[in-house]
Each structure stands twice: as structure tokens, then as C-alpha cells.
Amino acid sequence: MSRPYDHQAIEAKWQAYWEQDRTFRASEDPARPKFYCLDMFPYPSGSGLHVGHLEGYTATDIVSRFKRMQGFNVLHPMGWDAFGLPAEQYAVKTGVHPAITTAENIATFKRQMKRVGLSYDWERELSTTDPGYYRWTQWIFLKLFERGLAYVAEVPVNWCPALSTVLANEEIVDGKSEVGGFDVVRKPMRQWVLKITAYAERLLDDLALVDWPASTLEMQKNWIGRSIGAEVEFELAGARGSLRIFTTRPDTLFGATYMVLAPEHPLVDAVTAPDRRDEVAAYRDAAARKSDLQRQELEKDKTGVFTGGHAINPVNGEQLPVWIADYVMMSYGTGAIMAVPAHDERDWAFARTYRLPIREVISGGDVSKEAFVETGRGTVVNSTTPDGSFSIDGLAPGDAIPKITAWLESRGKGKKTINYKLRDWLFARQRYWGEPFPILWVEGEAKPLPEEQLPLMLPETKNFKPSGSGESPLANLDVWLATTDPATGKPARRETNTMPQWAGSCWYYLRFIDPKNSRQLVDPVRERYWMPVDLYIGGSEHAVLHLLYARFWHKVLYDIGVVSTPEPFKKLVHQGIVLGEDNQKMSKSRGNVVNPDEMIERFGADAVRLYEMFMGPLEAMKPWSTRGVEGVTRFLDRVWRLTVHDDGSLSRAVVAADPSADQRRLLHQTVKKVTEDLEELRFNTAISQMMVFTNELTKLDRRPRALLEPFVLLLAPFAPHLCEELWEKLGHAPCVSRQPWPAFDPALVVSDRFEIPIQVNGKLRSKIEVPADWTEEQVVTSATEAAGDWLQGKPPRKVIYVAKRLVNFVV
RNA sequence: GCGAGAGUGGCGGAACUGGCAGACGCGCGAGACUUAGGAUCUCGUGGGAAACCGUGGGGGUUCAAGUCCCUCCUCUCGCACCA
């Protein structure tokens, strides 16, 4: 494609201008409203940016430029989530230090971003691997530790004996190590764990405060997984102690016909009868050997073993056989259940397999065919205590639940309980390339490092191979490991785990506000000015973990007074995935990866930006089309020719004359549409309207400045390089990025004439054009005439008139 | 299985609180300018000869349905024995 202008030269020119002008530098200005516009910062991988990254970055860039022109003080920063596994794996293979790889990759990403013309305030750039940054990551950890929110536990990890190392989930394929295909087993290991469960309630409730996609809210809700029910005590028969179970259906307590413990449950030994010990032990061993994955996959056939023991149902004194089965999980609730096969699908399936009794206590279904689990209908039956003193018979399940819960509570047999699916957060990796924990082990006890000693620097090494013991490569560094406790002078050993990649990304949005502060994580005055993030755009793959972890840390920081808002991210949007031209997911193996550098080379950054936004709705998954890029390139070329003559001078068609009324209306309609669409992130329809405008203007041989100049401003956030150049060609000093956003006059948007479609029996038969001030009578009269033959000369049975919309005759 | 979202021309996609379905772009067709055009500009382009038919299928409400209701089908994403 030959272009009417040299996009390469113009882009380089204006990128250099913005750089030396520091056009996009943000500073606090209490006089102006702020807008914090944030991208999820990337992991700087070796393969560079792809067109999928660019979609989200372009969107936030357009919004940032738009908001600046609207008079907002915009904070639009970028940084690097640069700790992580790939650089470390590369180091193990090649010996190249992760810091070197990381720096190279960052340089590539930054070069590519600048080439796209993204208007970041690069003076706030940060990297999670920078000691000046991770000092505060460590500081936050100390605060968590102080508040009892960080603790040590023995947690099973993916241990690969052949490699003598712990593997991340993503390093395991089909239960084997990705490298070498060796077996992986579960092995308990000392780990740091964060007590996110202590915040479960608030993490759930405060979802009401944010403007997020419904699907993401739903995912977070499900992940937290609150369920309300009751814990009930069952005394053991013939043994000391009692079995505590959790149920959401205490209304079905009279229908319990057996009990199930998770195989790992601590009471298994106590309940197991001597003659069942061998069988029980064998089942427990088998369950322990299964990975979580295997336990889940064997979903269909439930297995279990009778322990020989019994527990007593507190409502009727019945002795219930106690089983163990791996369909009950130790990690949820109390690790024990009462089984009500008539009203629980899992219990029903289990009872069928082992011929256990099924007793109906909610009528309304046929429990001989399947479990009846609905709570919305049905009536409680067979649920009266043997002495007749208490009954929930005849109630709806919803009414029976509080009644029986209160009764249990009054007798000390149970209480209302809320349970969460959310588990505490395993916060340790056996890796080198991560934040070291500011923790010393003194006489077997974890002691926090004093704040003044932060950052605890990641020690230098040339050996990135795992220690072999399952500990991180840091365990090889004897000199670093051995230290003394500053408080007591006793010998101490440093913690060898490092933090997971999530750590640095949990709070980076706060550091952008005050990236150079050496005294505080963030200055409170600045924090109050900029927070919360007004718009946060990133992939939906982070819908749960990153966003939940960041919210958790934010709430802790809120509790200790570091931040002023309960939630960090006000509005969240996920950009959709960009597919290859073949409608398949982009991948090297398919050979359908689109290289943004090549696209920018051919069509220019403006065209690529514009196409990214024109493809379709931001959130939608959609295929790339290089033809489509050509299409928007043609549009930009037309915009250029509208203003500039072939020899590069201002076109003689550009005149000072006033636009016509129709032209002015088109302009105001366009300003309105683009403004409103940008507020709603509907970039594709905004561009479409600008195309309509351009098509109209192309037809004119005299093009009034009063039309062209506001239009250049409208297009500027989308195609900033082109518009800076056109603004200059139009005789203005730089730069367009500092111009105010055009306003529209609602009175000038509406037309003085309307085209009214005329329907007969709902079918379109004709159209008339009428002045806007005509009365209904005038319009209908004219419409009747226009409908002519379709009315067959008879008066219509009914006339529907929708003002300025349509006329419909019913005959 | 459960939860959430989505099905509109050859393709990507428009369509406000029910009111002209297919804006805009791609592709395709015709023409203009040209030594030439894979450049540019102009016009046309849902299907059908037409009556008419058309927003995943079927049914309903309404003067009027892509939009509301019922039902079924397909696809995408998430969760997956959570008691």
C-alpha cells in the first residue's frame, strides 16, 4: 500500500516530541479532578508484546488521552511484574542470571510500547524485582506476620524425586514433570501461608462496592464460596468424644442414615473397630497416594469403607454407622458429614452402592429414583423426636432450617455456622527469582527481621539449580544463610523460601502513586488524591487470583491505615482474546501469531491502534484481520487528504467559511457519539461514526476549518501521531494532546426534519419526510396520503403514532 | 452436572427505554482516472424473478419483537464430589 504520508517519520517525530516535552508526566494537582487509568502490568516474557496485550493497552491509552483533554489529571503508569519462573528456568538451562534476561526483556517491551505511542508517565516506571520496590513487598509481609495473617504450616507440594525439586502446577503435565516426564508425588513441606480466610466475609461483601463485570463478580463469589448452615455434634457410640459435622441442610437431620469421615480425619482411629482396622488402613493408604486431581477424576464411582463404629443422631438417638470415603474432603467444613441419601445426590449414589438405607424426610420427590434436593418446594415429614417434644413436620424446608438450628443450639448440640470454600493462600515458592522473606529462624522459631534492615536483598549467585533437598537455591548459599538474631545475638538461619509472583502484583498500583518514596510505601496525601484506580483493564485470566489477592492485601493495608479506600479498583474491564486470522487461538505451533512490530512497520502505530479498537467490542473474543488493518489505514489516509495536499502543504480545500447547518449537525452528532462512546469504552462504534463524518467531508470541495479542527481533536486519542501532525499543518502550535476536548450543543444535534417510516399492519410500506415541528395530525394526514393503496380507501381501524419515530396503520 | 455469557449477511460487527434489521469496515461487483494498478475516487452489494422471506430452532405476548415471555439446540468461559 502506498501512503499519502510517511507514517514512520511522523510517528518518530511526535514520539520524540512527547518524550522531551514530558507531555504525559503526572503530578498531584488538587485543583483538578484526577483519573487513575491502569493496565495490568505484564510479565516481560522473552517473546515480546503481542497484539493481544496491545488491545488492552490501546484502550487505556485512548481513555487516558481522552480524559486529559477533558481536563482530568490523569495517572497512567506502566511497570513490570518481573519475578517469576521463566527467567529462572532459562537461568538453570543457560547460566544467564535472571536479572540480565529480565532487563533485556523489559527493554524490548518498553521499546515496543513507546513505538505504539502509549502515553505512559515513564518517570513512574517500576519493577517488582527492584530492591527499592520489593523492600515494601517485604514490609507488607512483616505487617501480615505481625497481625497473625502469615503463618507456617506443613502443606503438601508437588515433589519430583527424579529432579529433586518442587514443581509449580504449570510445570506438571498429566501428573508428570513437564521436563523429563518424571513422576510427581505429594510431599508435605514447611510453607508460609497467608490467612486470607480471615477476610472472606469482607472480600465477599465489598464486591458490592465495585463496578466489575458480572462474570468476574460471580467467579469471585463462587471462589469464596460462602454457605450458611449448621455444625451439629454426634456423640460416638461406645467411644469417647463426638463427631462434629457441617451441613447446609439441618432440616434433613432426621433423614441421616450413616456418617462419613474424610480418610484423613483425626477421629478415624477412635471410631474404627478392631476387626475393621486392616481394611480401613488400606483404604486410607490408597487415598493418600491419590493426588487431588485423581480424587476428582474418579468422580463417578464413590468408594468407602465401614469403620465398624457408630455415632448417635442427636435428634432421635439412632445409631448411625460411620464410614470413611474420599468423597468427603478434610479441607472443607469439619471433614465429616451426616449422610442423608434421600436428599443429597452424592449420599444417594453412595447409599445405592453400599446398600445403605434411604429415608425420606422431605416429601415432594421420589427418593427411590433419585435424591430430592430442592429446597424451594416439598414438605418436611418423618421429623419428630421420639418423645414428641420437638417436630418440624409440615414445614417448608426454608422454615424448618432456622427452627431446628435454634433447637439444636438451645440443647448445646449444634449452632448456626458459615463456611467458606476459600482456603488460606500458600505463599511460598522453592525458587530463587522471587522476594526473599524477611524472616530469621532462631532456635526453631520464625522471627521477623526489623524494618530498618529492609530490603533483605536477594543474594547473588551463579547456581540457580534447586538445592536437591526441596529447598530453594538459596539453601545452597551458606554465607548468606547463616546470620545472627539482631535481638539476642543467637545464631540464626535465613528463610530459604521466596514469595510467589502474586506478591509483587498485589500492591503495585499503590507504588505508582509515589514510586520513589524511600520512607513510606506511599505518601498518604498522594494516596488519598489518586486512589482508587478509576479504570483497570486486564485479562480475565486474572479474574480470581490476582484480583482476590490484591483486594486482600489492600484491605489489610486499609486496616493499618496505609490506604484510604476499602477497595482498590473501582471499574474493571477485561479485554477479549485476539484470535489469529484463522479464528484459532494464536500460537507459534499454528503459525498464526501476528507480530505487532511488523504491523506497525507496514501500517503505522496509528493504524494498528485504530484497528485494535475497531475489531469489535473490547471485551469480546475476535479474530485478527490484516485486511481490516488495511481498511482503517485507508480511513486514516482519507483523513490526511482531507487536510493536506499531495505536496504536503495545507489543502486549498480547507477554508475559513462557516459550515452549513447540515454539516454543523453532523459535527455535533459526531462529537456527541464519540464522547459518549468513549465514556462507555465503545471504541468500535466511535470509530465508525468518525468514518461516517470523514466520508461526508470527503465529498466537499470546500472543507471548513470549523469542521476539521474539532474532528482532529476527536480522532487524536485514537491516532495521536497523525493528529499531532494535522494540528500542526492546520497552523497550530503543538500539541494536540493538551487541547480541550470538543463540546457539543444538544440543540445542534437534533435535526429540523425527520424521516418517518409508514407501516401498514406493522409492515413497512412507505416513508415521508416531515418538519420536526409538525403535529401528530399533520404527520398522520401526510402519512395516510403516502400509504395510499395499502389502506384500500378504508379508514384504518387504529393509528399508532410514535412521535418522531413512525406511523403504523392497522386495517 | 452447576454457574455466567453469547448465537444477526460471504466475514468482523451496528441497532437508544420494543418502533425503518444489517450502521461502519472487510470482501465482492460495476464504473471513472490511468501506460499500468493489488493506488485513488464514485456507485452497488441479506435472500428471492416476484409476491414475499429473513436476527440458532419451535411456540407465545404486542399495532409492532434481534430486543419481552416459554421451550429446545449450539458455542465460549468459569467451577467441578464444597456437604
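Computation of the quantities below employed the complete heavy-atom set of this structure, encompassing side-chain atoms and omitting hydrogens, waters and symmetry-equivalent molecules. Since the structure is predicted, the reported quantities are computational estimates derived from the model, not experimental observations. Quick note on labels: first sequence line is chain A, next is B, and so on, each numbered from 1.
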Worksheet entry | Distance in angstrom units between L320(A) CG and A83(B) P, rounded | 20 Å

Worksheet item: Starting at the 5' end of RNA chain B, what dot-bracket string do you get if Watson-Crick and G-U pairs under 3.5 Å are bracketed, crossing pairs use [ ], other-strand pairs use | and unpaired bases use dots?
Response: (((((((..(((......[....)))((((((.......))))))((....))..(((((..]....))))))))))))....

Worksheet item: Under 4.0 angstrom, heavy atoms only, what part of the nucleic acid is S540(A) near: base, sugar-phosphate, or nothing?
Response: nothing

What's touching nucleotides 4-13 of chain B from the protein side, N or O pairs under 3.5 Å?
unit_1	atom_1	unit_2	atom_2	d
G12(B)	O2'	M615(A)	O	2.6

Worksheet item: Can any side-chain N or O of T405(A) pair as donor or acceptor with the backbone N or O of I401(A) at less than 3.5 Å?
Response: yes

Worksheet item: If we take the P atom in both A80(B) and C75(B), what is their distance in whole Å?
Response: 22 Å

Worksheet entry | Exam field: side chain K416(A) to backbone P402(A), donor-acceptor pair closer than 3.5 Å | no

Worksheet item: How close do L320(A) and F234(A) get, heavy atom to heavy atom, and via which atoms?
Response: CD1-CE2, 3.8 Å

Worksheet item: Would one find more than 12 heavy atoms of other residues, nucleotides or ligands at under 6.0 Å from atom CD of E769(A)?
Response: yes

Worksheet item: In terms of side-chain heavy atoms of K767(A), which of C20(B), A83(B), G3(B) is nearest?
Response: C20(B)

Practice prompt. In whole angstrom, give me the gap between the P atoms of A23(B) and C43(B).
Written response: 15 Å

Discussion item. Evaluate D424(A) against T197(A) for side chain to side chain donor-acceptor pair (under 3.5 Å), listing each step before the verdict.
Written reply: CA-CA 6 Å; D424(A) 277 343; T197(A) 51; 2.6 Å; yes

Item to complete: Check the pair M599(A), Y611(A) against side-chain contact (heavy atoms from CB on, under 4.5 Å), reporting the backbone distance first and the verdict last.
Response: CA-CA 11 Å; M599(A) 288 292 145; Y611(A) 176 67; over 6 Å; no

Item to complete: Under 4.0 Å between any heavy atoms, over every strand shown, what does R682(A) touch: base, sugar-phosphate, or nothing? Just pick one.
Response: nothing

Fill in: Criterion side-chain contact (heavy atoms from CB on, under 4.5 Å) on T334(A) and E231(A), from CA distance to verdict
CA-CA 8 Å; T334(A) 61; E231(A) 280 185 4; 3.8 Å; yes

Item to complete: Identify, residue by residue, the members of residues 244-261 of chain A with a heavy atom below 4.0 Å from RNA chain B, and return them in order of residue number, or none.
Response: F246(A), T247(A), T248(A)

Item to complete: Write down the distance separating the P atoms in A4(B) and A49(B), rounded off to the nearest Å.
Response: 45 Å

Worksheet, complete the sentence: In 5'-to-3' order, the base (B), backbone-only (S) or no-contact (-) status of each nucleotide in nucleotides 48-53 of chain B, using a 4.0 angstrom heavy-atom cut-off, is ----SS

Discussion item. Any residue in residues 799-811 of chain A with a heavy atom nearer than 4.0 angstrom to RNA chain B? Just list them by number, or reply none.
Written reply: I800(A), V802(A), R805(A), L806(A), N808(A), V810(A)

Give every pair of a protein N or O atom and an N or O atom of nucleotides 69-71 of chain B that lie under 3.5 Å apart, one pair per line with the distance.
none

Discussion item. What's the gap between C73(B) and A83(B) when it is taken at their C1' atoms, as a whole Å value?
Written reply: 34 Å

Practice prompt. Could you give the distance separating C11(B) and C79(B) at their C1' atoms, to the nearest angstrom?
Written response: 34 Å

Item to complete: Please confirm whether any donor atom in the side chain of K798(A) sits under 3.5 Å from an acceptor in the base of C63(B), or the reverse.
Response: no

Practice prompt. Apply side-chain contact (heavy atoms from CB on, under 4.5 Å) to E374(A) and I362(A), showing your working.
Written response: CA-CA 9 Å; E374(A) 290 174 53; I362(A) 311 286; over 6 Å; no

Fill in: Span that lies between the C1' atom of G18(B) and that of U55(B), in whole angstrom
15 Å

Write out a two-atom table: protein N or O, nucleotide N or O from nucleotides 26-30 of chain B, distance below 3.5 Å.
unit_1	atom_1	unit_2	atom_2	d
C26(B)	OP1	R634(A)	NE	3.0
C26(B)	OP1	R634(A)	NH2	3.0
G27(B)	OP1	R627(A)	NH1	3.3
G27(B)	OP2	R634(A)	NH2	3.4

Worksheet item: Taking the nucleotide of RNA chain B with the closest heavy atom to each, which residue, D344(A) or Q689(A), is nearer the 5' end?
Response: Q689(A)

Discussion item. Can you measure M690(A) atom CE to A23(B) atom C1' for me and round it to whole angstrom units?
Written reply: 15 Å

Discussion item. When the C1' atoms of U42(B) and C33(B) are compared, how many Å lie between them, rounded to an integer?
Written reply: 11 Å

N/O to N/O distances under 3.5 Å, protein versus nucleotides 66-68 of chain B:
none

Worksheet item: When rounded to the nearest Å, what value does the distance between C1' atoms of C26(B) and A64(B) take?
Response: 34 Å

Worksheet item: Where does G9(B) fall, syn or anti, if syn means a chi angle no more than 90° from 0?
Response: syn

Fill in: Qualifying residues under salt bridge (charged side-chain N to carboxylate O under 4.0 Å, His left out), relative to R226(A), sequence neighbours excluded
E201(A)

Worksheet entry | Pair D662(A) + R665(A), salt bridge at N-O below 4.0 Å | yes

Worksheet, complete the sentence: Here the side-chain hydrogen bond (donor to acceptor under 3.5 Å, both in side chains) pairs for residues 691-702 of chain A, sequence neighbours left out, are R638(A)-N695(A), E696(A)-K699(A)

Worksheet item: In whole angstrom, what separates F635(A)'s CZ from U40(B)'s P?
Response: 15 Å

Item to complete: Under 4.0 Å between any heavy atoms, over every strand shown, what does Q759(A) touch: base, sugar-phosphate, or nothing? Just pick one.
Response: base

Using distance only, find each side-chain donor-acceptor pair of residues 541-548 of chain A under 3.5 Å and give its atom names and separation, not counting sequence neighbours.
unit_1	atom_1	unit_2	atom_2	d
H546(A)	NE2	Y536(A)	OH	2.8

Worksheet item: Quick one: I577(A) CD1 to G78(B) C1', roughly how many Å, whole number?
Response: 12 Å

Discussion item. Using the rule given for side-chain contact (heavy atoms from CB on, under 4.5 Å), can you reason through M613(A) versus I62(A), listing the C-alpha separation, both sets of side-chain angles and the distance that settles it, and then say yes or no?
Written reply: CA-CA 10 Å; M613(A) 296 297 102; I62(A) 291 169; 3.5 Å; yes

Discussion item. Tell me the closest heavy-atom pair linking R284(A) and P263(A), and the distance in Å.
Written reply: NE-O, 2.7 Å

Discussion item. Side chain of D326(A), heavy atoms from C-beta onward: which of C24(B), C81(B), C43(B) has the nearest atom to it?
Written reply: C81(B)

Practice prompt. Go through the steps to decide whether S242(A) and E233(A) satisfy the test side chain to side chain donor-acceptor pair (under 3.5 Å), and finish with yes or no.
Written response: CA-CA 6 Å; S242(A) 67; E233(A) 299 279 346; 2.7 Å; yes

Worksheet item: To the side chain of N695(A), which of C20(B), C43(B), G25(B) is closest?
Response: G25(B)

Discussion item. Holding to ring-ring contact (aromatic ring centres under 6.0 Å, His included), I want the full list of residues that pass it with Y354(A), two or more places apart in sequence or in another chain.
Written reply: W323(A), F350(A)

Worksheet item: Has the side chain of T685(A) got a donor or acceptor atom sitting under 3.5 Å from an opposite partner on the base of A14(B)?
Response: no

Practice prompt. Specify the separation, in whole Å, of atom NZ of K221(A) and atom P of C77(B).
Written response: 23 Å

Discussion item. Just the rounded figure in Å: distance from C1' of G25(B) to CE of M613(A).
Written reply: 15 Å

Worksheet item: Relative to the 5' end of RNA chain B, which residue comes earlier, Y420(A) or R641(A), by the nucleotide with the nearest heavy atom?
Response: R641(A)

Item to complete: Check the surroundings of atom CD in E598(A): do more than 12 heavy atoms from other residues, nucleotides or ligands lie under 6.0 Å from it?
Response: yes

